[in-house]
Amino acid sequence: MTRALVVTGTDTDAGKTVVAAGLTLCLPGAHYWKPVQSGTTPATDTATVRALTGLPADRFLPEAYLLREPASPHLSARLEGVEIDLDRLSLPETDAPLIVEGAGGLMVPLNERALAIDLFARWGRPVILVARTGLGTINHSLLSIEALRARGIPIGGILFSGDPHAENERIIPQLSGIRSLGRLPRLASLDAACLHAAIEAHIDLAAIEALLA
Ligand SMILES: Nc1ncnc2c1ncn2[C@@H]1O[C@H](COP(=O)(O)OP(=O)(O)O)[C@@H](O)[C@H]1O
Ligand SMILES: [Mg+2]
């Protein structure tokens, strides 16, 4: 069985790539995979994670779909005359822990019939939900959690990203029953050393490692 963990978010720009980079950096031997990449400029998420972590190329799996247009995957694919096939998105067999970054949020369409969340349901692997701390996050987070639960997808926890907001960080776990894995603060300098230190200091890595067991 592939020891994979899915990093999803309440939305695009929630901080998934930075969190996934941090986890790939801090979990021994972890590999990173972005199965569906929509948008290749200024950089793909894989290239961003490589540059940010400084990890060697063999810690990265190639994208299954690498699409130029920065749009919803179903549209980016259509613009290139491609249809995303969920059967081509099976989790790769690997002995290493695998950090998988989703595209956008959960209800992003991959094709005319399937959403990102449908793919995660097929995989059945635990999901970490990256959520902003600021205004709007309660609604986005609780909706995302409800959608995951409705499909029986295991939720490993919610991981906040951004400036502290004690009440939002309290009420979402309180109302949902989903534990917080911590909050990754906004880093003034986004580099491997600072990211490594911030994940070690602020994120419950032991809980995340247990999800990969
Ligand atoms: N902890 C952080 N500190 C500093 N900048 C961050 C942090 N998290 C995210 N960012 C920045 O915010 C933007 C969106 O983050 P990203 O991880 O790419 O989001 P997503 O993958 O969810 O679209 C990027 O420019 C990224 O560099
Ligand atoms: Mg990303």
Side-chain angles (χ1 to χ4, degrees), residues 4-26 30-55 60-73 75-76 89 98-110 115-117 119-120 127-137 140-141 143-145 148 156-165 168-169 180-205 208:
L5 187 61
V6 178
V7 176
T8 187
T10 51
D11 202 351
T12 193
D13 277 343
K16 298 181 298 295
T17 300
V18 171
V19 166
L23 297 182
T24 309
L25 200 54
C26 291
H31 287 48
Y32 171 90
W33 187 40
K34 175 87 178 185
V36 179
Q37 173 70 50
S38 290
T40 51
T41 50
T44 63
D45 283 358
T46 302
T48 300
V49 174
R50 254 206 95 180
L52 178 51
T53 59
L55 290 169
F60 297 84
L61 282 73
E63 298 90 345
Y65 291 94
L66 184 54
L67 308 162
R68 278 188 302 274
E69 190 68 18
S72 169
L75 176 58
S76 305
L89 290 170
L98 184 64
I99 305 301
V100 185
E101 182 182 343
L106 291 164
M107 294 282 182
V108 160
L110 298 177
L115 305 169
I117 196 170
L119 181 62
F120 302 159
V127 162
I128 291 181
L129 181 67
V130 177
R132 293 192 195 87
T133 48
L135 191 62
T137 195
H140 286 133
S141 298
L143 282 170
S144 298
I145 290 166
L148 289 163
I158 184 162
L159 196 157
F160 292 100
S161 171
D163 296 328
H165 192 303
N168 287 349
E169 292 171 59
S180 169
L181 297 167
R183 176 182 59 84
L184 184 64
R186 191 173 302 280
L187 302 174
S189 169
L190 207 48
D191 59 55
C194 291
L195 181 59
H196 197 289
I199 293 273
E200 294 265 348
H202 299 283
I203 302 302
D204 188 349
L205 272 176
I208 294 174

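Indexing begins at 1, ligand by ligand and atom by atom, following the structure's order. Scope of the values below: all heavy atoms of this structure, side chains included, with no hydrogens, waters or symmetry mates.
Side-chain contact between Leu61 and His31 is present, with heavy atoms from C-beta onward closer than 4.5 Å. In this structure the side chain of Leu184 reaches within 4.5 angstrom of the side chain of Leu195, judged on heavy atoms. In this structure the side chain of Leu205 reaches within 4.5 angstrom of the side chain of Leu23, judged on heavy atoms. Residues Val18 and Leu190 have side chains in contact (heavy-atom distance under 4.5 Å, counting atoms from C-beta outward).
Scanning the protein heavy atoms around atom 14 (C) of ligand 1, the nearest turns out to be Asp13 OD1, 3.6 Å. For atom 3 (N) of ligand 1, the closest non-hydrogen atom on the protein side is Leu187 N, 2.8 Å. In this structure, the protein non-hydrogen atom closest to atom 26 (C) of ligand 1 is Val18 CG2, 3.9 Å. Of the protein's heavy atoms, Gly15 CA, 3.7 Å lies nearest to atom 16 (P) of ligand 1.
Remark: distances from the non-hydrogen atoms of Gly9 to ligand 1 are all 4.0 Å or more.
Between the OG1 atom in Thr24 and the CD1 atom in Ile99 there is a gap of 5.0 Å [rounded to 0.5 Å]. Annotation: the span from Leu5 atom CG to Glu101 atom CD amounts to 12.0 Å, rounded to 0.5 Å. For the atom pair CG of Asp45 and NZ of Lys34, the computed distance is 4.0 Å after rounding to the nearest 0.5 Å.
Counting only heavy atoms, the protein gets under 4.0 Å from atom 22 (O) of ligand 1. Within the 4.0 angstrom cut-off, atom 9 (C) of ligand 1 has one or more protein heavy-atom neighbours.
At a cut-off of 3.5 Å, with distance as the only test, a side-chain donor of Glu63 or Thr46 sits close to an acceptor on the other residue. With no hydrogens or angles considered, no side-chain donor-acceptor pair links Thr133 and Glu169 at under 3.5 Å.
Below 4.0 Å from some heavy atom of Leu184 lie the following atoms of ligand 1, by number and element: 1 (N). Atoms of ligand 1 lying under 4.0 Å from at least one heavy atom of Arg186, given by number and element, are 1 (N), 2 (C), 3 (N). Taking every heavy atom of Glu101 and a limit of under 4.0 angstrom, the matching atoms of ligand 1 come to 21 (O).
Ligand 1 has a nitrogen or oxygen under 3.5 angstrom from a nitrogen or oxygen of Lys16.
Here His140 pairs with Thr10 under the side-chain contact (heavy atoms from CB on, under 4.5 Å) rule; sequence neighbours left out. With sequence neighbours left out, the side-chain hydrogen bond (donor to acceptor under 3.5 Å, both in side chains) criterion links Ser189 to Asp191. Under the side-chain contact (heavy atoms from CB on, under 4.5 Å) criterion, Asp163 pairs with Arg186, not counting sequence neighbours.
Which of Asp11, Thr12, Thr17 comes nearest to atom 18 (O) of ligand 1 through a heavy atom is settled by distance: it is Thr17.
With a cut-off of 2.8 Å, the protein N/O/S atoms near the Mg ion (ligand 2) add up to 3.
Contacts of Leu190 with ligand 1, taken as heavy-atom pairs under 4.0 Å, involve the side chain alone. Contacts of Pro185 with ligand 1, taken as heavy-atom pairs under 4.0 Å, involve the backbone alone.
The shortest non-hydrogen separation linking Ala64 to Leu89 is CB-CD2, 3.5 Å.
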